[in-house]
Amino acid sequence: MSIEQRLQEEVSQAFNQLFDFKLKPEEVAIQPTRKEFEGSHTFVTFQYLKITKKSPEQSGQAIGEYLRQHSDIVQDFNVVKGFLNLVIADNVWLSSLNDLRKNENYGQLPANGQKVMVEYSSPNTNKPLHLGHLRNNFIGYSVSEILKANGYEVMKVQIVNDRGIHICKSMVAYEKFGDGETPESSNTKGDHLIGKYYVKFDQEYKKEIQALVAAGKDSETAEKTAPILLEAQDTLQKWERRDQKTVDLWKKMNGWVYKGFDDTYHKMGVDFDKYYYESDTYLLGKDIVDQGLSSKVLYRNDDGSVWIDLEEDGLDKKLLLRSDGTSVYMTQDLGTADMRHQDYPFDKCIYVVGNEQDYHFKVLFLILKKLGKDFADGLHHLSYGMVDLPSGKMKSREGTVVDADELIADMLETATAKTKELGKIEGFTTKQATALYEVLGLGALKYFLLKVDPKKRMLFNPSESIEFQGNTGPFIQYTHARIAAILRRAKELNVVEDFNAESISLQSPERELIRLLSEYPLKVREAGENYSPSVIAQYVYDLAKEYNRFYAELSIFGEEDQNIVSFRVALSGAVTQVIKKGMTLLGIIVPERM
RNA sequence: GGCCUCGUAGUUCAAUGGAUAGAAUAGGAGUUUCCUAAACUCUAGAUGCAGGUUCGAUUCCUGCCGAGGCUACCA
């Protein structure tokens, strides 16, 4: 049982004894004590005054007095206004350190028998990945790891948007201007090559529009009738008719893109258990629409189109089948959700998708619920905010995107330069040094994107956002490497990590470190409940920061008392383990030296 | 227009309705015969505006101002 839980029990007993009131232990609100007061746990009395029928101060005093006399773990207390600050005995801290040290699975909750599907990444195949995708992928991967730590069985999937007008645009431009170029012939990553033709399409399209306008057409007509656009639409129709030549080209070009994506995913350190392809799923959902019609959840218009009316729920009417009987995005998503639930009978399914689709998912989930799908309650849209640039939103057509591959390469370069400048790679082989640069560059990038609450929009300034000092990935990695050095030295000196708790009186950074360590499982749970890697990121930073304070203030091997040396080495070992676990949840590797 | 987010130090981010609103960075001042200075210490600096609910509001409610998003028989 954690210290917090024990306190809840004891406060509950105090209420029973002092005020003859049955307060459930889980209803006892304990919060961390602010730095400037003595103690580690604080019980706030205000909300219980109706029960105690005393002033805040008197209530705190009474409960504090009771705990000091009857509690096994409370050594002392003080009351400031209505806040009862509790001081936990050192031996309690020390034994809790020993408990968590011995627990290899510390922070890993037991399996809860529930299955979760996490969908993330899900790119279009007409252009390379960009900064927004990086945030998506890092969040998706990290949330999957966090859910595993919370006892879920996790299936990571993505649905590749491999068909549609966008890829046809690249295809048309490639046929017109490609001249047989391949990734090999031009030494270009496949996804970048396709992206090049997507941009080319847009340039030609704009030229044609201008020409048409110059010839006297109004701009709206020009936009709709530009020959190259008609060609793209024609290509889409040929694709849907399974025209062999079109399908062959489509396969070839998508193949190039997948190779490029795989390369980027590999560099990013993310992976998937299963891929879905929209070319396989875009026709799904019609049978669900039929069911919906017969159960009268949906209705058919005079022109034959099928709709659902969500106005009672404060939303609009939504189209589900066009008048010509073809489906729309929503239809396909209905079908896909149903199919995925059959593939993998999940209890929860998390869609990691940007917040511009908030409305879409609200509608999707509501329709599934109205159609009586029992899995609808387990669906969750993990809606994350856009990554903005100082110039505003990224727009691929305006060339203001930050390319994922380029950014990763930049990070590596910066990490390399920084490391060399600090002269930190003495004794490293070239291979080790390269590996370290990757770990640091990627760590900085991932931490930067994950430390912010996913829900919030965030700003990325290419020239100054990624730092290696302060609240950053490398700061935490550095702390880990420092501790690793301590542990290596301890091994050389044959320091045993077992210590005698009786004779140790804790210094404040030591007590604070153990307190932080004991919070870790709570943070894992909080991160899981909120689908928020940022909870872990902030926590690991706090832990690393506190360790550095400890490191600066107290000597480990300079201490004469060998028992204290053992204790400090043991504490360091526990800190490094938790840092590593936490960073692993974020998908960030921590180095042994740097 | 309607609907949904969001406004916190110069800047980028924190804060289950709790105490004197935390960090980082940029600024100022320091720390290395001592386990890695990518570190540590000190200093200065913020809740858009106006009301309301509450013992207590950055947090909840209303209005205003400002930023962004959604509002396709596109995906």
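Here the structure is a predicted model, which means the values were calculated and not measured. Convention: sequence-line order gives letters A, B, ...; per-chain numbering from 1.
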- Within a radius of less than 6.0 Å around CD of E26(A), do more than 12 heavy atoms belonging to other residues, nucleotides or ligands occur? yes
- Item | Minimum-distance nucleotide (side-chain atoms of R482(A) versus C40(B), A75(B), A39(B)) | A39(B)
- Message: Nearest to the side chain of Q538(A), heavy atoms from C-beta on, is which of A38(B), C13(B), C40(B)?
- Response: C13(B)
Got a donor-acceptor pair under 3.5 Å from the side chain of [X] to the base of [N]?
X: K455(A); N: U5(B); answer: no
X: T479(A); N: A39(B); answer: no
X: N85(A); N: A19(B); answer: yes

- What about W239(A) and Y282(A), are their ring centers closer than 6.0 Å? yes
- Task: Please give the nucleotide sitting opposite G7(B) as a Watson-Crick or G-U wobble pair, both distances under 3.5 Å, or none.
- Result: C65(B)
- Task: Taking only the side-chain nitrogens and oxygens of K424(A), find out if one of them lies under 4.0 Å from OP1 or OP2 of A38(B).
- Result: yes
- Query: Is the phosphate of C40(B), meaning OP1 or OP2, less than 4.0 Å from a side-chain N or O of K545(A)?
  - Reply: yes
- Has F475(A) got its ring stacked on A38(B), by the test of a centre gap below 5.5 Å and a plane angle below 30°? no
- Message: Distance to the ring centre below 6.0 angstrom and angle to the axis at most 45 degrees; does that hold for R135(A) and Y384(A)?
- Response: no
Name the pairs: protein N/O against N/O of nucleotides 71-74 of chain B, kept only if under 3.5 Å.
unit_1 : atom_1 : unit_2  : atom_2 : d
C73(B) : O3'    : R322(A) : NE     : 3.1
C73(B) : O2     : S323(A) : N      : 3.3
C73(B) : O2     : S323(A) : OG     : 3.4
C73(B) : N3     : S323(A) : OG     : 3.1
C73(B) : N4     : D303(A) : OD2    : 2.2
C74(B) : OP2    : R322(A) : NE     : 2.6
C74(B) : OP2    : R322(A) : NH2    : 2.5
C74(B) : O3'    : R322(A) : NH2    : 3.4

- So what does R34(A) touch, heavy atoms closer than 4.0 Å: a base, only the sugar-phosphate, or nothing? base
- Message: At 4.0 Å (heavy atoms only), tell me whether K456(A) reaches a base, stays on the sugar-phosphate, or touches nothing.
- Response: sugar-phosphate
- Grab the two heavy atoms, one from Y447(A) and one from A537(A), that are nearest each other, plus how far apart they are. OH-O, 3.2 Å
